[in-house]
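One structure is given below, represented as structure tokens, and several questions about it will come after.
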Amino acid sequence: MAAAGKAVSPPYPHPGVAGESSLSRVSFLGARLPPEVDAMAKSVRELGKETFRKLLKVTVSALEGRDCRESVKMIAESTNLSDEQLAVLISGMYTLLREALRLPASSLKEDVFKEDLKELRIPEEFIVDFATVAFGNRRPILEATIQSQANKLPRIEEFKWRVDVAISTSSLARALQPSILMQMKLSDGTAHRFEVPLAKFQELRYNVALILKDMNDLEKRSILKIQD
């Protein structure tokens with residue numbers, strides 16, 4: 001539900017809890033705050049408690065995979081919030097809770113969750129409601145739904161590649177330039193074949209290496225370490 005094309009927010013510090021320093025812990029939302037969560041946190045401060053809880057209820061329904069269009073329409077009719085404001089609030093709340101539910105409860109503690117929301121200057125009474133959803137009785141249902149939604153995407157079952165070099169071509173710039181042909185067979189039975197120019201392949205290699213480095217750095221953070 002995140003809005004596309006928005007600028008990525010800069011890294012934001014966290015003082016940590018229970019004696020942790022900002023260098024030893026990163027927010028459960030990641031090193032960079034999702035822009036939709038940032039926008040939601042700024043808007044939610046202006047809401048009344050009743051309106052917030054209605055929006056939270058809609059967000060939970062969306063996380064459970066339900067059609068919420070009628071509920072959103074009713075909220076729009078009963079408040080002075082515009083469609084754009086509703087979209088900002090619901091998408092931000094959805095992303096915040098989804099990211100919390102993706103982490104095992106043994107890794108993301110409730111006090112850490114609340115501390116991260118305090119850093120976003122979300123009102124205390126709203127933080128309590130967010131925590132009730134993220135760590136309450138409905139958590140197993142929400143986790144199962146998120147997992148099932150993730151499993152709907154087809155998986156790569158077979159991957160083949162080869163390197164080709166064009167000896168003769170109408171474009172002199174491409175002569176003797178290697179390119180990579182790739183073919184993927186997916187779990188849904190479809191196959192995709194495409195050509196990757198050398199420059200794009202180098203870009204892919206760089207980004208994969210960068211992701212692996214970020215994953216390695218995150219695994220060293222105390223928030224991702226399973227605690228008894």
Side-chain angles (χ1 to χ4, degrees), residues 1-6 8-9 27-30 32-114 116-118 120-155 186-190 223:
M1 296 180 68
K6 291 187 178 180
V8 177
S9 302
S27 167
F28 74 92
L29 291 164
R32 293 185 179 275
L33 181 63
E36 62 271 27
V37 175
D38 186 27
M40 179 275 295
K42 293 175 181 176
S43 300
V44 79
R45 302 166 198 158
E46 309 299 324
L47 295 180
K49 189 171 185 178
E50 183 180 353
T51 301
F52 170 79
R53 287 190 167 177
K54 288 180 179 178
L55 291 171
L56 184 61
K57 184 177 180 180
V58 167
T59 304
V60 172
S61 295
L63 286 165
E64 292 176 344
R66 301 180 186 176
D67 188 340
C68 305
R69 286 175 291 185
E70 285 300 320
S71 299
V72 173
K73 184 179 179 181
M74 291 176 62
I75 294 175
E77 292 174 350
S78 63
T79 66
N80 58 355
L81 295 172
S82 66
D83 290 344
E84 182 179 357
Q85 288 174 312
L86 287 171
V88 166
L89 289 163
I90 294 173
S91 64
M93 294 165 73
Y94 183 96
T95 300
L96 186 151
L97 289 171
R98 183 192 62 195
E99 294 305 309
L101 292 165
R102 281 180 172 176
L103 292 172
S106 57
S107 298
L108 177 61
K109 300 298 184 180
E110 186 172 347
D111 57 346
V112 174
F113 174 83
K114 291 180 176 179
D116 286 343
L117 267 57
K118 286 180 182 178
L120 298 176
R121 297 176 60 192
I122 292 176
E124 181 67 33
E125 58 183 350
F126 296 170
I127 292 176
V128 173
D129 287 344
F130 273 126
T132 299
V133 174
F135 299 93
N137 295 332
R138 299 186 69 82
R139 181 183 178 97
I141 298 174
L142 295 171
E143 285 180 323
T145 304
I146 291 174
Q147 183 64 34
S148 65
Q149 290 173 344
N151 289 340
K152 289 181 180 178
L153 296 175
R155 303 180 306 277
L186 305 182
S187 58
D188 60 4
T190 61
I223 190 175

Compare all side-chain heavy atoms of Leu55 with those of Val44 and state whether any distance is below 4.5 angstrom.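 Leu55 does not reach Val44 side chain to side chain.
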
Rounded at 0.5 Å granularity, tell me how far CD1 in Ile90 sits from OG1 in Thr95.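 Taking CD1 in Ile90 and OG1 in Thr95, the distance rounds to 11.5 Å.
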
By salt bridge (Lys or Arg N to Asp or Glu O under 4.0 Å) - contacts of Asp188 (at least two apart):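 Per chain and number, Asp188 pairs via salt bridge (Lys or Arg N to Asp or Glu O under 4.0 Å) with no residue.
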
Pairwise side-chain contact, Leu86 with Val58, heavy-atom cut-off 4.5 Å (strictly under):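 In short, these two side chains do not touch, never coming nearer than 4.5 Å.
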
Just by distance, no angles: are the side chains of Glu64 and Thr145 close enough, under 3.5 Å, to form a donor-acceptor pair?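 The answer is no; no qualifying pair exists.
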
Taking the basic N atoms (NZ, or NE/NH1/NH2) and the acidic carboxylate oxygens, is any pair closer than 4.0 Å for Glu99 and Arg102?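 Looking at Glu99 and Arg102, the cut-off is met.
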
Roughly how far, to the nearest 0.5 Å, is CZ of Phe126 from CZ of Arg45?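 Answer rounded to 0.5 Å: 11.5 Å.
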
Answer yes or no: is there a side-chain heavy-atom contact under 4.5 Å between Arg66 and Ser71?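 No - every pair of side-chain heavy atoms lies 4.5 Å or more apart.
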
Counting only heavy atoms from other residues, nucleotides and ligands, does the tally under 6.0 Å from CD of Glu77 exceed 12?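 Yes, because the 6.0 Å sphere around CD of Glu77 holds more than 12 heavy atoms from other groups.
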
Measure the spacing between CD1 of Ile141 and CG of Leu101 and express it to the nearest 0.5 Å.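 The distance works out to 11.5 Å.
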
Counting only heavy atoms from other residues, nucleotides and ligands, does the tally under 6.0 Å from CD of Glu50 exceed 12?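 Not more than 12 within 6.0 Å, no.
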
Between the main-chain N or O of Ala134 and the side-chain N or O of Arg139, is there a donor-acceptor pair closer than 3.5 Å?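 Yes; judged by distance alone, with no hydrogens or angles, the pair exists.
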
Would the distance check show the side chain of Thr132 and the main-chain N or O of Val128 forming a donor-acceptor pair, the cut-off being under 3.5 Å?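 Between the backbone of Val128 and the side chain of Thr132 there is a qualifying donor-acceptor contact (under 3.5 Å).
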
Would you say that Val133 contacts Leu142 through its side chain, given a criterion of any heavy-atom pair below 4.5 Å between the two side chains?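 A side-chain contact under 4.5 Å exists here.
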
Distance from Lys118 atom NZ to Glu124 atom CD, nearest 0.5 Å?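 The NZ atom of Lys118 sits 5.0 Å away from the CD atom of Glu124.
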
With a 4.5 Å heavy-atom cut-off, do Phe130 and Phe135 have their side chains touching?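 Sidechains of Phe135 and Phe130: no contact.
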
How long is the gap from CG on Leu29 to CG on Leu120, to the nearest 0.5 Å?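 Reported to 0.5 Å precision, the distance equals 6.5 Å.
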
Quick one: does Ser91's side chain have a donor or acceptor within less than 3.5 Å of a partner on Val88's backbone?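 Side chain of Ser91 to backbone of Val88, a donor-acceptor pair under 3.5 Å: yes, one is there.
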
Are Leu56 and Met93 close enough that some pair of their side-chain heavy atoms sits under 4.5 Å apart?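 With C-beta onward as the side chain, the pair touches.
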
Approximate separation, where rounding is to 0.5 Å, of Thr79 OG1 and Met74 CE: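 So the gap between those two atoms works out to 11.5 Å.
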
Just by modelled atom types, is the Arg69 backbone N or O under 3.5 Å from a matching donor or acceptor in the Asp67 side chain?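 Yes.
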
Donor-acceptor contact below 3.5 Å, side chain Ser43 vs main chain Met40: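 Checking the backbone N and O of Met40 against the side chain of Ser43, no donor-acceptor pair under 3.5 Å is found.
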
Taking Thr190 for the side chain and Leu186 for the main chain, is one N or O donor matched with an acceptor at less than 3.5 Å?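 No: the side chain of Thr190 does not pair with the backbone of Leu186.
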
I'd like to check Leu89 versus Thr59 (side-chain heavy atoms, cut-off strictly below 4.5 Å). Are they in contact?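 Counting from C-beta outward, Leu89 and Thr59 never come under 4.5 Å.
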
Does any non-hydrogen side-chain atom of Glu143 lie less than 4.5 Å from one of Ile146?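 The answer is no, as the side chains (C-beta and beyond) never meet within the 4.5 Å cut-off.
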
According to the interplanar angle, ranging from 0 to 90°, do the rings of Phe28 and Phe113 count as parallel (below 30°), tilted (30 to 60°) or perpendicular (above 60°)?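 Phe28 and Phe113: tilted rings.
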
